[in-house]
Amino acid sequence: MLFVLLLIFSLAASYVFPWWIVAIIAFVASLLMANRAGHAFGSGFLAIFLAWLVLSLFKSMPNEHQLAERVAQLFGLPHWTLLLLITCIIGGLVSGLSALSGFYVKQVFMPSTVKQ
Amino acid sequence: MPPIEKTNLGSSAYYYSQTLIFKHNYTVTATFMKIIKAFITLSLTAVLVWALQTQFGPIPPLGKFLNPATGFWQNAENKRIISQRELKLPGLQDEVTIKYDEHRVPHIFAKNEHDLYYAQGYVTATDRLWQMDIQTRSASGRLAEVVGAKALETDRYHRRIGMVYGAENSLRAMLQDPKTRLAIEAYTDGINAYVHNLNVRDYPIEYKLLNYKPEEWKPINCAFLLKLMSETLSGGSDEFLMTNTLNKFGTAVTQDLFPDHNFQEDPIIPKGTPWNFKALPVPPVSASFKAQMAANGKPAGKVEGIGSNNWAVAGSKTASGYPILANDPHLRLSFPSIWYQIQLSAPGINVYGVSLPGAPMIIIGYNDKISWGVTNTDADVLDWYQIKFKDAGKNQYWHNNQWNNVTRRTEVIHVRGEQPVTEKVIYTHYGPVVFEDSVSKRSNPNLPAGAALRWIAHDGSNDLKTFYLLNRSKNYTDYRKALTLYTAPAQNFIFASAGKDIAITPNGKFPLKFADQGKFILDGTDKANDWQGWIPAEQNPTVKNPPRGFVSSANQSLTDKTYPYYINWQFGPYQRGTRINTRLAAMNRITVDSMRLLQTDNYSITARDILPTLIAQIDTSKLDRNQLKALDILKQWDKRYDANSIGASIFDAWWRKVYNLTWKDEFGDEKANLQWPSRDRTIKMLLTQPRAKWFDDSNTPGVETAEDIVSTAFNQSVNELSVKHGRPGLGWQWGKIRPTSIDHLAALKGFGTGNFESGGSSNIVNAIHEGAGPSWRMVVQMGPSVKGYGVFPGGESGNPGSFYYTDMLQTWKEGQLNELLYLRSAEEKSERIKSVTILKKNDKK
């Protein structure tokens with residue numbers, strides 16, 4: 001659920017807000033919905049990884065990856081797919097970390113979870 | 001039992017309380033841990049986002065740059081073009097139709113001049129915004145603002161040579177004329193209409209890489225663009241080196257090695273052309289003519305390979321009976337392309353050609369009545385004057401037997417991430433003191449006073465008016481009138497008309513000088529060294545419909561010795577010009593295609609002139625196998641610098657070596673700051689003075705002659721080629737040995753072409769030489785219905801993510817031309833039109 005929500009929101013918000021909005025979305029969504037640390041990070045990472053993959057390919061495919069190929073050369077990468085991978089990992093890391101921090105912040109304010 | 005119960009109770013309470021304490025402790029610890037975890041992950045996230053939003057050295061902020069919503073992925077253009085578009089733009093007066101052909105060349109149809117130049121500004125910005133920005137920044141000394149301290153010296157140089165001062169003067173002149181004022185203001189508004197609507201994601205990729213924002217265009221930027229051209233084409237100077245040479249070798253040797261007329265000449269204006277005017281008296285040679293250079297700093301040297309070809313043939317020599325005009329300006333090639341093709345049509349004008357992104361109008365092109373083109377004239381319009389200051393305060397300088405006050409111009413250079421740098425530049429009546437000690441102290445503490453720069457680019461001039469008029473010219477008279485208004489950079493304006501006239505005019509505002517004035521640094525105290533007025537524009541060298549049936553130029557000398565004025569002591573070498581003239585003289589029933597073949601001609605006149613003499617010096621009995629083979633190849637060589645030619649590689653290396661061995665011992669390397677004698681002078685010596693003392697290598701006890709130098713040079717160059725490229729064979733092909741590449745303006749790897757093989761060289765008509773060469777090849781067949789052909793090495797779009805970034809490159813490489821689409825009206829149908837954009841005025845306030 002967290003994953004789906006993050007995916008939808010980040011796709012929708014990215015054209016209106018600066019790129020780091022994904023951090024805020026992941027943080028808030030995780031604050032509300034995450035139930036485990038692994039769940040928070042995993043959902044956050046995967047959702048934005050996927051969102052950025054889709055968004056990048058959406059622009060790059062009709063371009064036949066010409067620009068991606070040039071930028072990959074500029075960065076000294078042997079193939080444009082590596083550039084895509086780096087893009088998605090960066091997005092995923094920001095979102096995953098932010099989701100994780102959202103989960104931990106929630107933990108601070110939630111009543112004790114130790115069973116009585 | 002109560003006690004037991006009590007005890008029990010007590011023990012239970014004890015247990016319970018213990019649990020509570022434990023639990024309390026546990027909760028405190030757990031909460032603390034949670035806070036720590038939350039704090040750490042939050043901090044990590046914040047640091048990560050900050051790091052991805054921050055620029056480290058040359059690396060752009062990675063999050064900003066890579067994210068697919070606003071980063072570089074957004075610059076990837078779709079292969080499919082939207083075929084119909086409508087845009088509402090503020091400030092338009094009427095509707096404008098823009099038709100794009102298969103190369104994305106915009107064909108603009110406007111209903112008035114304002115809208116025409118507005119639309120030109122708009123479409124140019126759409127394709128070339130960053131290029132326009134970076135070029136004006138370069139010209140105006142504002143690069144450090146975006147790239148930081150590494151550009152500070154470049155900026156300082158541009159500020160100190162008076163680029164801003166000159167642009168301000170020119171802007172005033174351009175705004176005084178109502179026609180050019182309208183064009184510049186409308187063009188500016190058009191650019192800004194694009195800039196104002198730009199989303200972050202639409203910023204050209206270079207802004208994202210360099211991490212800065214597009215800014216509003218200002219009218220003065222148009223002036224900067226033109227000053228940049230002046231700097232490229234007339235901003236070089238050999239005066240410093242020449243003065244050092246004069247000081248070292250004396251007048252006799254200097255005049256012998258650096259003569260005012262070349263040994264081999266084939267001037268632009270055919271020899272014997274009469275001058276139909278009464279010349280003004282030439283100013284007398286000043287007493288202080290032989291000036292001494294005690295200055296610091298070294299002005300930019302002249303660059304070989306920046307030249308151009310143009311020619312026009314009369315109807316009597318063409319298949320169609322109408323003139324054909326050809327032009328290929330050679331410049332340092334780059335991406336985005338230097339030129340931007342465009343068709344401009346409005347009532348009273350319908351013109352096609354290339355424009356400079358950042359300036360309205362068309363610089364080289366044609367309409368249905370006339371065509372025109374330019375090559376660089378290389379007039380001496382830049383002189384240095386040694387200034388004598390009264391004291392260290394440098395507030396007064398000696399000139400015309402009195403102390404004169406200087407003025408100081410403040411230039412503030414903003415530097416990204418650092419404090420701004422303020423330059424106070426001293427101005428004399430000549431112009432700025434470019435290398436003054438307050439600046440030079442930083443690099444060299446032992447520098448005395450500087451020299452002042454007098455440069456035509458400082459003068460207010462409305463050169464755009466010339467192009468405004470040429471764009472609308474109908475005949476020879478219009479052409480001549482347009483030319484009289486032109487100042488700089490001086491160009492050889494070639495002309496052909498449907499009315500069957502051809503003409504060429506080396507044209508610009510030329511100072512009236514005594515012979516050799518400005519060949520060396522001038523004494524700034526002597527009034528007789530000042531520029532004494534101007535050659536009247538109508539007395540600039542010109543020729544119309546010469547008997548030989550063609551006119552041409554290739555940066556060579558302008559006239560024979562009968563021209564009454566001094567314009568410069570040196571011009572480009574004669575080889576390209578003479579090849580063109582020989583071919584044109586021999587050709588008849590000329591077609592566009594034969595002109596195209598001449599533009600890509602690889603024949604070497606230098607080889608024709610000297611190869612037999614070089615070969616004659618070789619004693620074959622002393623050669624090893626590789627050398628014999630190389631000599632054999634040379635003997636059979638067709639003297640063409642084709643990409644697959646092996647002879648070209650051997651000859652080129654050999655000739656360079658001869659030149660170096662001849663002069664290096666006396667003139668040293670770059671650090672010696674001496675001017676090396678020209679190729680022409682060396683050829684003269686080789687052919688007619690083989691015993692000249694310059695051939696003797698002063699580092700050896702024996703006395704060498706031309707024969708020894710030529711022979712040693714041959715052995716050395718063949719040996720070097722063998723070491724680098726193996727036995728003489730396919731590996732020695734010219735295209736392989738001398739790869740060509742076209743780089744991005746910011747030298748971004750992957751954004752240029754990478755190395756490719758090509759024929760040609762400097763001093764070959766097909767002047768492709770490393771990263772320089774024909775930046776636009778155009779051939780125009782005049783006639784009842786004009787037909788133009790052209791290509792440049794690149795594409796219309798400046799976006800590396802566009803399919804139109806390099807789409808014309810291959811055609812250029814192959815030496816082919818595209819047929820240019822010249823639409824007679826907005827209504828004319830053509831299958832080549834792929835999309836249409838309608839600009840409508842935005843009524844919203």
Side-chain angles (χ1 to χ4, degrees), chain A residues 10 13-23 26-27 37 41 51-76 83-84 86-88 90-91 93-94 96-110 112-114 116, chain B residues 19 23 26-27 30-53 59-80 199-201 205 208-209 744 748-752 754 799-803 805-806:
Chain A
S10 55
S14 62
Y15 278 103
V16 191
F17 300 100
W19 68 275
W20 40 263
I21 192 73
V22 296
F27 181 83
F41 183 82
W52 282 23
L53 187 77
V54 169
L55 289 171
S56 302
L57 286 176
F58 179 75
K59 290 301 285 189
S60 195
M61 275 164 58
N63 184 246
E64 295 172 2
H65 313 300
Q66 283 203 12
L67 182 62
E69 193 52 62
R70 288 187 187 279
V71 176
Q73 280 184 48
L74 180 65
F75 281 70
L83 188 68
L84 182 64
I86 292 172
T87 300
C88 297
I90 282 180
L93 269 182
V94 168
L97 259 181
S98 188
L100 190 65
S101 48
F103 172 76
Y104 283 132
V105 168
K106 177 167 87 167
Q107 292 285 297
V108 172
F109 295 105
M110 285 245 312
S112 172
T113 48
V114 176
Q116 289 177 27
Chain B
T19 312
K23 206 171 164 189
Y26 172 80
T27 313
T31 309
F32 183 67
M33 282 309 292
K34 283 176 195 165
I35 291 173
I36 291 281
K37 276 183 182 172
F39 179 76
I40 288 177
T41 46
L42 262 177
S43 317
L44 267 179
T45 311
V47 167
L48 183 64
V49 169
W50 170 83
L52 292 170
Q53 186 71 357
I59 300 164
L62 284 177
K64 230 170 149 180
F65 183 73
L66 290 177
N67 87 82
T70 55
F72 88 91
W73 296 95
Q74 285 293 326
N75 297 87
E77 284 181 17
N78 199 317
K79 192 170 191 178
R80 277 187 39 222
N199 278 312
V200 177
R201 63 170 172 270
I205 189 170
K208 297 179 183 178
L209 274 168
H744 184 269
L748 300 171
K749 213 179 111 211
F751 286 29
N799 178 11
S802 163
F803 285 87
Y805 182 63
T806 61

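Using a 4.5 Å cut-off between heavy atoms, A:Trp20 contacts chain B through its side chain alone, with no backbone atom that close. Proximity to chain A (any heavy atom under 4.5 Å) is restricted, for B:Pro60, to the side chain, taken from C-beta onward. With a 4.5 Å cut-off on non-hydrogen atoms, A:Ala68 touches chain B through its backbone and its side chain both. Proximity to chain B is limited to the side chain of A:Phe27, based on heavy atoms less than 4.5 angstrom apart. Neither the backbone nor the side chain of A:Leu57 comes within less than 4.5 Å of any heavy atom of chain B. Only the side chain of B:Leu209 comes within contact range of chain A, with heavy atoms under 4.5 Å apart. The part of B:Ser802 that comes within reach of chain A is its backbone (N, CA, C, O), which places non-hydrogen atoms under 4.5 angstrom from that chain. Contact of A:Phe103 with chain B is not made at all, since no heavy-atom distance falls under 4.5 Å. If you measure heavy-atom distances from A:Leu93 to chain B, the contacts under 4.5 Å come from both the backbone and the side chain.
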Evaluate the side-chain contact (heavy atoms from CB on, under 4.5 Å) criterion for residues A:Gln66 and B:Tyr805: first the C-alpha distance (whole Å), next the side-chain angles of each, then the deciding distance (0.1 Å), finally the verdict. CA-CA 10 Å; A:Gln66 283 203 12; B:Tyr805 182 63; over 6 Å; no

Give the intermediate values and the outcome of side-chain contact (heavy atoms from CB on, under 4.5 Å) for residues A:Phe109 and B:Lys34. CA-CA 9 Å; A:Phe109 295 105; B:Lys34 283 176 195 165; over 6 Å; no

Would B:Phe72 and A:Leu67 satisfy side-chain contact (heavy atoms from CB on, under 4.5 Å), going step by step from the backbone distance to the final call? CA-CA 8 Å; B:Phe72 88 91; A:Leu67 182 62; 3.8 Å; yes

Would B:Lys64 and B:Lys208 count as a side-chain contact (heavy atoms from CB on, under 4.5 Å) here? Give the steps. CA-CA 8 Å; B:Lys64 230 170 149 180; B:Lys208 297 179 183 178; over 6 Å; no

A:Phe75/B:Phe65 under ring pair (Phe, Tyr, Trp, His ring centres under 6.0 Å): CA gap, chis, key distance, verdict: CA-CA 12 Å; A:Phe75 281 70; B:Phe65 183 73; 5.8 Å; yes

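For the atom pair CG (B:Leu48) and OG (B:Ser43), the distance works out to 12.0 Å, reported to the nearest 0.5 Å. How far CH2 of A:Trp19 is from CD1 of A:Ile90: 8.0 Å, rounded to the nearest 0.5 Å.
The minimum heavy-atom distance linking B:Glu77 with B:Asn799 is given by the pair OE2-ND2, 3.1 Å. A:Thr87 approaches B:Leu66 most closely through the heavy-atom pair CG2-O, 3.2 Å.
For chain B, the option among A:Val105, A:Val22, A:Val71 with the highest count of heavy-atom pairs below 4.5 Å is A:Val71. Of the residues considered (B:Ile205, B:Leu52, B:Leu44, B:Ile40), B:Leu52 shows the highest number of contacts with chain A, using heavy-atom pairs under 4.5 Å. The choice from B:Pro68, B:Gly801, B:Ala46 that makes the most heavy-atom pairs within less than 4.5 Å of chain A is B:Pro68. Among B:Ile36, B:Val49, B:Val200, B:Ile59, the residue making the largest number of heavy-atom pairs under 4.5 Å with chain A is B:Val49. When each of B:Arg80, B:His744, B:Lys37 is scored by its heavy-atom pairs under 4.5 Å with chain A, the top score falls to B:Lys37.
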